[in-house]
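Heads up, the thing below is written out as structure tokens.
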Amino acid sequence: MSSFPKPVPPERQPAGMVPELVLKALPDDERVWVPMGDQVWFRPLLLNSVEGYWTSLLRVRAAGVVSCHRHPAPVHGYVIKGKWRYLEHDWVATEGSYVFEPPGETHTLVVDEDCQEMITWFLVSGSMLYMDENGNINGFSDVFQRIELCRNHYIKVGLGADFVNQFIR
Ligand code: FE
């Protein structure tokens with residue numbers, strides 16, 4: 001008969017490690033969703049200021065658009081709800097889909113009228129470079145910009161400037 005394993009004693013955890021993060025990914029409080037534009041919201045999960053990436057849920061309701069941008073570093077995604085597509089590709093990401101986007105991916109995300117709401121988990125490394133119709137960069141996101149965006153939103157909705165800190169490592 002095997003015995004039930006004992007937990008590793010706390011002193012065996014390495015010194016200096018940062019705290020783990022366990023969240024209810026879909027929050028009960030609507031204010032946790034940070035508006036990103038018309039019909040587009042962002043729910044931070046981990047904002048990694050050491051490795052320069054962030055993981056979050058993206059929520060887009062019909063007929064929302066995430067304007068054209070380039071990813072200089074890879075993106076991973078998992079569709080939790082609904083469906084969406086890129087104008088630049090002929091595939092549709094549907095509930096349960098895993099998506100890998102290689103560095104260089106340049107795309108425009110759309111949710112069509114036949115989908116009320118999509119929610120997708122994304123891991124985005126580095127930055128997003130927003131582009132105009134001529135391919136000129138006219139804006140960017142990185143983890144620090146996301147932290148600032150969250151902080152400003154949480155101040156505005158009454159959760160406070162420190163609310164975002166729980167997501168930062
Ligand atoms: Fe993208």
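As the structure lists them, so they are numbered: ligands from 1, and atoms in each ligand from 1.
The closest donor-acceptor contact from the side chain of Gln39 to the backbone of Ala62 lies under 3.5 Å. Put simply, the side chain of Arg151 gets close to the backbone of Ala161: a donor and an acceptor are under 3.5 Å apart.
Between Tyr86 and Trp91, the angle of the ring planes goes over 60°, which puts this pair in the perpendicular group of the 30/60° scheme.
Counting heavy atoms from C-beta outward, Leu23 and Phe167 have side chains that approach closer than 4.5 Å.
Shown here are the protein N/O/S atoms lying under 2.8 Å from the Fe ion (ligand 1), water excluded: His69 NE2, His71 NE2, His107 NE2.
Between Val32 and the choices Arg43, Lys24, His153, the side-chain contact (heavy atoms from CB on, under 4.5 Å) rule is met once, by Arg43.
Atom OG of Ser49 and atom CZ of Arg146 lie 15.5 Å apart (nearest 0.5 Å).
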